[in-house]
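So that the names make sense, note that chain A is the first sequence line, chain B the second, and so on, each numbered from 1.
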Amino acid sequence: QLMMFPYPSAEGLHVGNVFAFVGNDIHGRFQRLRGCQVFEPIGFDAFGIHSENYALKVNTHPGTLIPNNIVRFRQQLRRVGLMVNWDHELSTTDPRYYKWTQWIFVKLFEAGLVERKRAPVNWCPECKTVLANEQVINGNCERHPDTPVHQRFLEQWFFKITAFAQRLLDNLDWIDWSESTRAMQRNWIGRSEGAELIFETPTDHRISVFTTRPDTVFGATYLVLAPEHPFVERLTTREQRPAIQEYRRASAAKDLVSRKVGSKEKTGVFTGSYARNPATDESIPIWVADYVLMEYGTGAIMAVPAHDERDFEFATQFDLPIQQVVRATEGETVLPYEGWDAVLINSGQFDNLPCVEAVPAITQWLKEKGLGEVRLQYRIHDWCVSRQRYWGPPIPIIYCDACGTVPVPEQDLPVTLPFIEDFRPDASGVSPLARHKDWFVVPCPQCGRPGRRETDVSDTFLDSSWYFLRYPSTDFDDKPFDRTRTAKWLPVDCYIGGNEHAVLHLLYARFINMALHDLGYLDFEEPFRQFRAHGTIVKDGAKMSKSRGNVVIPDKFIAEWGADTFRVYLMFLGPYQEGGDFRDEGIVGVRRFLDKVWSLVGQADASLDATAFPDALRKLHQTIRKVTVDTAELRYNTAIAAMMEYVNVLRSPAVLGDGDDVQVPTSLLAPLIVMLSPYAPHFSEECWERLGNTRSIFLAAWPTYDESVAQEDTVELVVQVNGKVRGRVLVPTGLAEEEAVRRAMADDGVRRAIRERRVKKVVSVPDRLVNLVV
RNA sequence: GCCCGGGUGGCGAAAUGGGCAGACGCAAGGGACUUAAAAUCCCUUGGGGCUAAGUCCCCGUGCGGGUUCGAAUCCCGCCCCGGGCACCA
């Protein structure tokens with residue numbers, strides 16, 4: 001049972017955290033009561049920009065801030081009543097933990113899965129560090145929604161997550177995860193099937209382009225290169241040089257935002273050169289335009305204006321030829337036409353071939369000419385893990401003039417993060433640690449000559465990408481995770497968390513796990529067998545945020561209503577996997593429910609026999625059935641409703657009799673208290689004691705139900721005439737069709753509805769309804 | 001534009017291998033208890049109509065069609081809201 005560990009913010013736990021944790025805790029307690037061994041650990045994701053920025057803001061040091069926050073969090077978590085195993089608590093800032101974060105970096109480095117390269121990266125001017133693509137939201141920094149990210153060319157460390165793209169995608173088919181989360185990951189990985197085609201130039205350049213529509217190659221009337229494409233320089237003719245240079249300068253000056261999110265107005269410049277269309281052999285012009293991105297595909301495209309919206313717009317704007325090569329099978333073909341339900345035209349021997357068949361046919365044909373190849377393309381990029389900040393694990397690398405880039409040997413780990421006063425980042429593109437020569441100058445571990453430490457720290461998401469592997473083994477200092485412990489507790493059976501990490505934490509964790517598996521450290525590829533995304537708690541229809549001032553702090557509610565009432569209320573609010581709007585009005589209903597249970601406990605009588613109350617007993621078994629199934633499936637709101645219904649039944653005079661001092665058989669009450677205990681642990685424990693038990697309720701067993709007891713002996717059969725309800729008849733369960741129909745026809749209301757008409761057809765569903773068609 | 005969710009009373013929501021729409025709870029109204037209030041308990045509560053009485057009638061699950069004896073549920077075409085991706089070739 002795993003919950004996403006929290007970032008220990010100064011504000012403390014908020015309702016969203018509590019909602020997530022309680023839902024998790026209920027499931028964990030439920031599984032324990034059902035006889036499973038449950039390990040419910042907790043930890044703190046305490047490194048990272050978030051903490052550091054906050055420390056800067058309140059003018060303190062994260063090293064003193066974080067421990068205080070953690071103390072507060074522990075208190076709050078205790079108050080909520082989580083069944084947490086505190087012996088295995090961890091913090092990512094603990095050198096005993098981040099030693100192994102660094103170890104993972106070294107192991108991946110040794111396996112060739114880490115590389116340092118100079119690349120265009122996302123730079124947040126506010127955080128003064130680079131960010132991974134996953135941390136850029138709408139062109140803005142994840143932490144600063146109003147701060148556009150700039151593009152900078154810097155030397156950075158990258159994890160080769162792209163090498164795992166296909167496996168990360170394939171495994172999504174079988175892991176038991178919320179559909180929404182899987183869809184987001186598929187989207188992010190972004191696989192496209194297509195072809196790589198070669199366009200040759202008279203100057204012997206082979207320009208390769210990626211296309212998902214090789215079937216339209218006969219309609220490629222020009223090529224476009226990204227401004228950064230390496231061939232641009234050489235393909236530009238003398239006359240076009242000034243224009244091209246000016247254009248490249250202009251697009252280099254634009255940051256990623258104005259280029260990607262800004263105006264979609266097409267711009268571009270002709271290079272003066274031509275290439276040969278491999279299908280038609282015609283000579284087509286080569287342009288440079290920034291609507292083609294260097295980071296995707298080959299950084300060059302074949303433009304088919306008749307069948308691509310963007311190419312069409314560009315061609316119209318610059319008066320380039322538009323050649324239709326596809327005709328829709330049905331209806332008129334309006335250009336640009338991008339549909340697949342079509343056949344080829346103006347395509348030589350491929351005319352009349354359906355597009356779907358033309359893709360492999362044309363790819364094969366060009367392949368035979370040496371000018372084409374089937375190609376898969378992924379949208380996902382390598383994971384940039386360097387951060388030019390202070391509050392993180394230093395990247396365990398030493399640069400040596402003689403030996404080059406050397407990883408820190410395992411026996412020298414961890415590379416401890418030094419305590420420095422001036423941890424403020426600057427715009428230079430290097431970490432604050434680079435200002436501390438006494439720290440970064442170290443002997444090279446290989447040759448012993450003076451070397452220089454890497455001064456960047458790693459991304460917080462690296463810390464959190466393996467914490468679940470550490471939990472069972474927190475007491476081992478000589479290894480990241482113990483084999484026996486890992487075999488016992490991992491992979492995680494049930495992981496519940498927010499969907500905001502679908503392409504961040506959840507993707508990185510899968511990648512790290514997969515890499516460690518390949519290196520032989522783990523026996524499983526996928527870390528989380530089951531993952532369920534819980535919903536979001538909003539306030540007044542809007543996401544809670546400090547800037548909106550609508551953050552709900554749980555402490556006040558817990559103080560006023562008690563932790564259990566608050567727990568049950570949050571779970572009763574709506575479907576757990578959808579979340580809901582936090583309003584305080586409904587909480588009183590939950591309190592009333594618990595009060596009713598309390599008074600029933602006061603009326604308990606162990607000497608009474610439950611079989612004397614068959615209706616209540618039946619309802620009990622029905623309730624056990626429903627609560628068991630619903631709790632297992634995280635449908636907490638309906639499980640609670642079922643328990644409320646049962647309490648209403650127990651309280652109704654018809655069931656237990658009238659009078660002032662009616663007693664309830666303990667055997668009708670005890671199972672309810674057990675079912676309630678995952679939801680309201682403190683309250684149930686006390687009820688349990690009042691019922692005369694001396695051992696904890698959590699040592700009790702989850703009640704089982706008997707289908708034959710739950711079974712109703714009479715059912716109300718609905719009688720419809722022409723599909724409209726006209727009457728109901730009470731019949732014994734399992735009544736034969738003939739007899740049921742006979743009784744249905746005898747009903748007054750039914751007779752009135754039929755009148756003189758003849759019944760033409762009878763539809764009968766046993767124990768449910770009879771429909772008479774006249 | 002593409003991909004996931006979702007749209008049901010005054011409100012949060014139940015009910016989807018098609019079979020009583022609105023369980024459970026909130027709010028509201030009425031009543032009991034009380035000097036009074038709180039708390040508690042009981043009753044009513046989707047809209048409209050008819051009645052002396054209801055085992056009465058009609059309408060109703062975002063909109064328009066369809067399939068079916070029967071659709072909140074399945075199919076086709078739309079609209080709206082939330083989330084993700086997006087000049088991705």
Engineer: Tell me: CG of A:Asp308 to C1' of B:A86, nearest whole Å?
Structural biologist: 14 Å

Engineer: Just name whichever nucleotide pairs with B:A28, Watson-Crick or G-U, keeping both distances under 3.5 Å, else none.
Structural biologist: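 When the pairing criteria are applied, B:U44 turns out to be the nucleotide that pairs with B:A28.
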
Engineer: Should B:A37 form a Watson-Crick or G-U wobble pair with both distances under 3.5 Å, which nucleotide is its partner?
Structural biologist: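 Result: none.
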
Engineer: Taking for each residue the nucleotide of RNA chain B with the nearest heavy atom, is it A:Gly299 or A:Glu179 whose nucleotide lies nearer the 5' end?
Structural biologist: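 Between the two, 5'-proximity favours A:Glu179.
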
Engineer: Quick one: label A:Thr181 by what it contacts on the DNA or RNA (base, sugar-phosphate, nothing), any heavy atom closer than 4.0 Å.
Structural biologist: nothing

Engineer: Determine whether A:Leu772 and A:Met745 make a side-chain contact, defined as any pair of heavy atoms from C-beta on separated by less than 4.5 Å.
Structural biologist: yes

Engineer: Counting side-chain heavy atoms from CB outward, which of B:C69, B:G5, B:A89 is closest to A:Val773?
Structural biologist: B:C69

Engineer: State plainly whether the residues A:Arg618 and A:Asp615 are in salt-bridge range, i.e. N to O under 4.0 Å.
Structural biologist: yes

Engineer: Would you kindly give the CG-to-P distance between A:Leu717 and B:U55, to the nearest whole Å?
Structural biologist: 19 Å

Engineer: With rounding to whole Å, what would you report as the distance between B:U73 and B:G66 at their C1' atoms?
Structural biologist: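 Their C1' atoms lie roughly 15 Å apart.
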
Engineer: Can you tell me how far C1' in B:G9 sits from the matching atom in B:G83, rounded to whole Å?
Structural biologist: 27 Å

Engineer: Provide, to the nearest angstrom, the distance between the CE atom belonging to A:Met571 and the P atom belonging to B:G12.
Structural biologist: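 The answer, rounded to whole Å, is 19 Å.
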
Engineer: May I ask you to decide whether A:Asp308 forms a salt bridge with A:Arg310, counting only side-chain N to carboxylate O separations under 4.0 Å?
Structural biologist: yes

Engineer: Starting at CG of A:Leu225 and ending at C1' of B:C87, how long is that distance when rounded to a whole Å?
Structural biologist: 16 Å

Engineer: Between B:A14 atom P and A:Glu633 atom CD, what is the distance in whole Å?
Structural biologist: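 Going from CD in A:Glu633 over to P in B:A14 covers 14 Å.
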
Engineer: Would you call A:Arg186-A:Asp173 a salt bridge at under 4.0 Å N-O?
Structural biologist: yes

Engineer: Under 3.5 Å for both donor-acceptor distances, Watson-Crick or wobble: does B:A52 have a partner, and if so which one?
Structural biologist: none

Engineer: Between B:A53 and B:G62, how far apart are the two P atoms, rounded to whole Å?
Structural biologist: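 Rounded to whole Å, the distance is 35 Å.
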
Engineer: For a quick check of understanding: with a heavy-atom distance under 4.0 Å over all strands, which category does A:Arg591 fall into, base, sugar-phosphate or nothing?
Structural biologist: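 A:Arg591: no heavy atom of the nucleic acid under 4.0 Å.
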
Engineer: What is the pairing partner of B:G5, taking Watson-Crick or G-U wobble pairs with both distances under 3.5 Å in any strand?
Structural biologist: B:C81

Engineer: What is the distance, rounded to the nearest whole Å, between atom CG of A:Asn499 and atom C1' of B:G6?
Structural biologist: 14 Å

Engineer: Can you see which heavy atom on A:Arg191 is nearest to which on A:Gln166, and at what distance?
Structural biologist: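 Scanning both residues, the minimum pair turns out to be NH1-OE1, 2.6 Å.
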
Engineer: Where do A:Glu313 and A:Tyr291 land on the side-chain hydrogen bond (donor to acceptor under 3.5 Å, both in side chains) test, with the steps shown first?
Structural biologist: CA-CA 11 Å; A:Glu313 195 190 323; A:Tyr291 81 92; over 6 Å; no

Engineer: For A:Arg635 and B:A14, is the shortest distance between a side-chain N/O and OP1 or OP2 below 4.0 Å?
Structural biologist: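 It does not, given that no N or O in the side chain of A:Arg635 lies less than 4.0 Å from OP1 or OP2 of B:A14.
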
Engineer: Using atom C1' of each nucleotide, how far apart are B:A39 and B:U34 to the nearest Å?
Structural biologist: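 The same atom, C1', in both gives a distance of 11 Å.
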
Engineer: Salt-bridged, A:Glu338 to A:Arg213, with N to O below 4.0 Å?
Structural biologist: no

Engineer: Okay, side chain of A:His307, backbone of A:Pro305: is any donor-acceptor separation there less than 3.5 Å?
Structural biologist: no

Engineer: Please list each protein N or O that sits under 3.5 Å from an N or O in nucleotides 19-26 of chain B, with the distance.
Structural biologist:
residue: B:G19; atom: N2; partner: A:Gln720; partner atom: OE1; Å: 3.0
residue: B:G19; atom: N2; partner: A:Asn771; partner atom: ND2; Å: 3.3
residue: B:C20; atom: O2; partner: A:Arg728; partner atom: NH1; Å: 2.3
residue: B:A23; atom: O2'; partner: A:Glu645; partner atom: OE2; Å: 3.1
residue: B:G25; atom: OP1; partner: A:Asn648; partner atom: ND2; Å: 3.1
residue: B:C26; atom: OP1; partner: A:Arg592; partner atom: NE; Å: 3.0
residue: B:C26; atom: OP1; partner: A:Arg592; partner atom: NH2; Å: 2.8

Engineer: Walk me through whether A:Glu645 and A:Lys626 qualify under salt bridge (Lys or Arg N to Asp or Glu O under 4.0 Å).
Structural biologist: CA-CA 11 Å; A:Glu645 253 184 88; A:Lys626 176 139 184 76; over 6 Å; no

Engineer: Check nucleotides 82-85 of chain B for protein N or O atoms closer than 3.5 Å to its own N or O atoms and list the pairs.
Structural biologist:
residue: B:G84; atom: N2; partner: A:Asn187; partner atom: ND2; Å: 3.3
residue: B:C85; atom: O3'; partner: A:Arg379; partner atom: NH1; Å: 3.1

Engineer: Measure the distance from CZ on A:Arg182 to P on B:G5 and round it to the nearest whole Å.
Structural biologist: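 One finds 10 Å between P of B:G5 and CZ of A:Arg182, rounded.
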
Engineer: For B:G9, decide between syn and anti, treating a glycosidic angle within 90° of 0 as syn.
Structural biologist: syn

Engineer: For the P atoms, the ones on B:G29 and on B:G19, what distance do you get once it is rounded to whole angstrom?
Structural biologist: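 The answer is 37 Å between these two P atoms.
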
Engineer: Just by distance, no angles: are the side chains of A:Gln324 and A:Tyr337 close enough, under 3.5 Å, to form a donor-acceptor pair?
Structural biologist: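 Judged by distance alone, the side chains do not pair up.
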
Engineer: Enumerate the residue pairs fulfilling side chain to side chain donor-acceptor pair (under 3.5 Å) with a member in residues 631-643 of chain A, sequence neighbours excluded, ordered by first and then second residue.
Structural biologist: A:Asp630-A:Arg635, A:Asp630-A:Thr638, A:Thr631-A:Tyr679, A:Glu633-A:Arg635

Engineer: When you match A:Leu772 and A:Gly727 each to their closest nucleotide on RNA chain B, which lands nearer the 5' end?
Structural biologist: A:Gly727

Engineer: Between B:A38 and B:A32, how far apart are the C1' atoms? Round to whole Å, please.
Structural biologist: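 Pairwise C1' distance, B:A32 against B:A38, rounds to 16 Å.
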
Engineer: Provide, to the nearest angstrom, the distance between the CG atom belonging to A:Leu573 and the P atom belonging to B:A27.
Structural biologist: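 It is 15 Å, rounded to the nearest whole Å.
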
Engineer: Give me the distance, rounded to whole Å, that separates B:A37 from B:A28 when you measure between the P atoms they each carry.
Structural biologist: 16 Å

Engineer: Go through B:C59, B:A89, B:C3 for me and flag the one nearest to the A:Lys724 side chain.
Structural biologist: B:C59

Engineer: Determine whether a donor-acceptor pair (one donor, one acceptor, N or O, separation below 3.5 Å) exists between the side chain of A:Lys760 and the base of B:C69.
Structural biologist: no

